[in-house]
Amino acid sequence: MKKIYLDYAATTPVSEKVYEKMNPFFSDCYGNPSSLHSQGRKAKEAVEKTRKNIKNKLNAKKHKLVFTSGGTESNNLAIKGLAYKNPSKKHIITTKIEHDCVLNTCKWLEKQGYEITYLSVDEEGFVNLEELEKNIKKETLLVSIIHANNEIGTIQDLKKISQICHQKGTILHSDACQSFTKVPIDVIEEDIDLLTINAHKIYGPKGVGALLIKDYLNVEPLFHGGHHEEGIRSGTLNVSGIVGFGEAINEISLKNIEHMTKLRNKMIKELKNIKDVRINGSLEKRLCNNINVTFKDAEGESIVLHLDNRGIFASTGSACSSNTLKSSHVLSAIGLKQEDSHGSVRFSLGKETTEEDIDYVITNIKETISLLREMNPL
Amino acid sequence: MVEYSKKVMDNFFRPKNMGEIKEADGVGKVGNKVCGDIMYIYIKVEKKENKEYIKEIKFKTLGCAAAIATSSIITEIAKGKTIEDAKKITKEDVAEQLGGLPPIKMHCSNLSS
């Protein structure tokens, strides 16, 4: 049976090139970058070269880059790290469509006495900029807004958002795990204070990420230990992972982006031909590989399992939420009624996806949907 | 993704007695659109020696794999039973027949009992 993976927003495979780059750092060049001897220095050199390359990719001339275990840690470090460092400011602004690791960090801080403002979004998933401006006050510690949404793919205008934040004297953090290397990011031009990125969405390994922090900003570490990463993130560096991350930033080329955009548009066009279908998220400012679709009178888990049975791997909402029965907070935020959001599925394309794949997927979606709708008693 | 037993998956992919009985003697409706699961059970009853038997039973369900599988299995359990006995089927019976349900989906067997 054909196997078509369309869940690249959940994670990607590690590319062959990345794997080859990582390989020597397991049992050949295995030194600890903190060691003084030449083995250690060699590892350190590889880490520092990677740091430089990733910073260059983002034009991060005025930022430090701290390696972490991934997006969740980077987002926690940005928000809690700033909060612990600036105890007098007890107000945080975020949005209703953040990834759970930002939302739940904010909810936890709420329990510690913080005031959190959750900005609403319009029906395409864009943050209301007037609402943002209105809510920034003297006590606002930071604004944290996801760059490209993981479920519906809507890309926010970070430049406009940072202008508002800085005019009103607050800090901007953005989670760019989904957009990094798919959407150009220039942290100087867009004036972003803190930025979360990770490796496993861009053909790199799982368990590696980074947080960019503007030079003059300080965050309190979450882990205390051996003063790694300028004391901001202690713990022996994941050298192979970091090296893989550095290689992965070159995996998605402009050509790949054009290819995925073309296939995404084709798939959206063909999905729209199915009766009672709604495409969620913005059609213009959208991740090149994201498709989020609601099928009326069919249920998401049933759709995903039927497709799985036919060799097609997709997900309901975000992969993380499939262990809970709650309908997607992102789809609720863009105004979907709960009964409609149950029938939503996310397909996310990779650079390997072909036109034939899309044709095969569309045929199988059509069959699955009519099968399930036939079972619907209403 | 929650983990389902083989029996659940079998009943999900190859549901038994799916469909509608046009002139049903009774239709049971449970669930609602907001929670995402709606189940209709149609029965045709036959009288034998003063007892009412379920002669024919069919279902239609909108919902997740557990909802569809429990619908399928309940029709299998209830078929041929007297109305009285069918009323005694519990959610535990349904879950047991399905080789267990993940705790988060136990409420699905409730739908059918």
Side-chain angles (χ1 to χ4, degrees), chain A residues 1 5-7 10-11 276 294-329 331-332 335-346 364 367-378, chain B residues 1-22 24 26-43 57-72 74-75 101-108 110-112:
Chain A
M1 189 173 52
Y5 182 82
L6 290 185
D7 204 12
T11 194
D276 288 331
T294 297
F295 300 98
K296 259 193 102 185
D297 301 323
E299 196 274 337
E301 186 196 77
S302 290
I303 301 170
V304 166
L305 289 175
H306 268 287
L307 291 177
D308 179 41
N309 202 35
R310 293 155 178 251
I312 298 162
F313 311 125
S315 66
T316 55
S318 75
C320 314
S321 68
S322 45
N323 282 322
T324 64
L325 291 176
K326 274 189 247 149
S327 63
S328 150
H329 63 277
L331 297 179
S332 302
L336 249 76
K337 283 187 284 182
Q338 206 170 340
E339 57 251 49
D340 288 334
S341 66
H342 287 303
S344 304
V345 181
R346 179 188 71 186
N364 280 284
E367 285 172 15
T368 299
I369 296 303
S370 64
L371 194 94
L372 291 171
R373 282 184 178 162
E374 220 172 277
M375 292 176 81
N376 177 10
L378 300 177
Chain B
M1 193 62 68
V2 287
E3 285 204 28
Y4 290 124
S5 71
K6 197 177 165 292
K7 198 83 185 275
V8 173
M9 291 310 256
D10 282 348
N11 276 276
F12 168 64
F13 286 125
R14 284 168 291 277
K16 313 271 169 35
N17 311 311
M18 200 279 285
E20 202 175 320
I21 300 174
K22 281 282 176 251
V27 183
K29 301 176 181 180
V30 273
N32 64 73
K33 256 196 138 168
V34 177
C35 108
D37 296 328
I38 306 162
M39 179 192 295
Y40 281 23
I41 304 258
Y42 310 84
I43 55 169
I57 179 162
K58 287 201 161 175
F59 81 89
K60 275 196 161 188
T61 294
L62 164 69
C64 65
I68 291 169
T70 49
S71 310
S72 163
I74 193 78
T75 58
L101 274 176
I104 199 163
K105 296 285 187 183
M106 259 321 268
H107 72 281
C108 294
N110 233 336
L111 277 179
S112 54

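Chain A is the first sequence line, chain B the second, and so forth, proteins listed ahead of strands; every chain is numbered from 1.
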(request) Working to the nearest 0.5 Å, report the span between OG1 of B/Thr61 and CD of A/Glu299. (result)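 B/Thr61 OG1 to A/Glu299 CD: 11.5 Å, rounded to 0.5 Å.
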How far apart are the closest heavy atoms of [X] and [Y], and which atoms are they?
X	Y	answer
B/Leu62	A/Pro377	N-CD, 3.6 Å
B/Tyr40	A/Leu378	OH-CD2, 3.3 Å
A/Leu305	B/Met9	CD2-CE, 4.0 Å

(request) Measure A/Asp340 against the heavy atoms of chain B and call it side chain, backbone, both or neither at under 4.5 Å. (result)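 Neither part.
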(request) Using atom types as modelled and distance alone, determine if a side-chain donor or acceptor of A/Glu301 lies under 3.5 Å from a backbone N or O of B/Ala65. (result)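 Between the backbone of B/Ala65 and the side chain of A/Glu301 there is a qualifying donor-acceptor contact (under 3.5 Å).
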(message) With side-chain contact (heavy atoms from CB on, under 4.5 Å) as the criterion, how do A/Met375 and B/Met18 come out once you've worked through the C-alpha distance, each side chain's angles and the decisive distance to 0.1 Å?
(response) CA-CA 7 Å; A/Met375 292 176 81; B/Met18 200 279 285; 3.5 Å; yes
(request) Flag the pair A/Leu372 / B/Ile68 as yes when at least one side-chain heavy-atom distance between them is below 4.5 Å, and no otherwise. (result)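 Contact flag for A/Leu372/B/Ile68 side chains = yes.
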(request) Specify whether B/Phe12 and A/His306 have parallel, tilted or perpendicular ring planes, treating 30° as the upper limit for parallel and 60° as the lower limit for perpendicular. (result)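 The rings of B/Phe12 and A/His306 sit tilted, inter-plane angle from 30° to 60°.
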